[in-house]
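Written out below as structure tokens is the structure these notes cover.
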Amino acid sequence: MTADDSYGRLDDDDYPAYTMGRAAEMLGTTQGFLRAIGEARLITPLRSAGGHRRYSRYQLRVAARARELVDQGTPIEAACRIVILEDQLEEAQRINAEYRSAAEPGKPSTAA
């Protein structure tokens, strides 16, 4: 991998750039919390060649939302389910907007 390849990944939300320790530090939480949301299947970190968990920026945003709910008193399993449902709702709304746009006469479709 060249330096140019590495710089291109800096903007990639799905690139697993953060170790478990750094991710926990950035979120102000514990590594145990990250393990718990992994066990609840909210996020699945990539494993390095040595077996260490690596997290992407997208996964950190999801984990931060779950932590917000847990901090408000929601049990971790319920918080994970809420975050999953919020994500599904957002995706469904995006798809519906694309269909509505495509159905309007005289408007070009934005669907990819």
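Along the sequence shown, residues are numbered consecutively beginning with 1. Note that the coordinates shown come from a computational prediction; the quantities given were computed from them, not determined experimentally.
Hydrophobic clustering places Tyr58 together with Leu60 (ILVMFWY residues linked when any side-chain heavy atoms are closer than 4.5 Å, directly or through intermediates).
Rounded to the nearest 0.5 angstrom, Arg65 CZ and Glu68 CD are separated by 4.5 Å.
Comment: Asp13 engages Arg61 in a salt bridge, judged by a side-chain N to carboxylate O separation of less than 4.0 angstrom. Between Glu98 and Arg94 there is a salt bridge, since a side-chain N of the basic residue sits under 4.0 Å from a carboxylate O of the acidic one.
Judged as a side-chain hydrogen bond (donor to acceptor under 3.5 Å, both in side chains), not a single pair has a partner in residues 44-53 (not counting sequence neighbours).
For Glu90, the CD atom is loosely surrounded, since the number of other residues' heavy atoms within 6.0 Å does not exceed 12.
Shown here are the side-chain hydrogen bond (donor to acceptor under 3.5 Å, both in side chains) partners of Glu25, two or more places apart in sequence or in another chain: Arg22.
Among the candidates Ile43, Leu46, Leu42, the single residue satisfying the side chain to side chain contact (heavy atoms under 4.5 Å, CB included) test with Gln59 is Ile43.
With a 4.5 Å cut-off on side-chain heavy atoms, Tyr15 and Ser56 do not count as touching. Between Arg54 and Tyr18 the shortest side-chain heavy-atom distance does not fall below 4.5 Å.
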Which side-chain N or O atoms in residues 26-40 pair as donor and acceptor under 3.5 Å with protein atoms at least two apart or in another chain?
residue	atom	partner	partner atom	Å
Thr30	OG1	Gly32	N	3.4
Thr30	OG1	Phe33	N	3.1

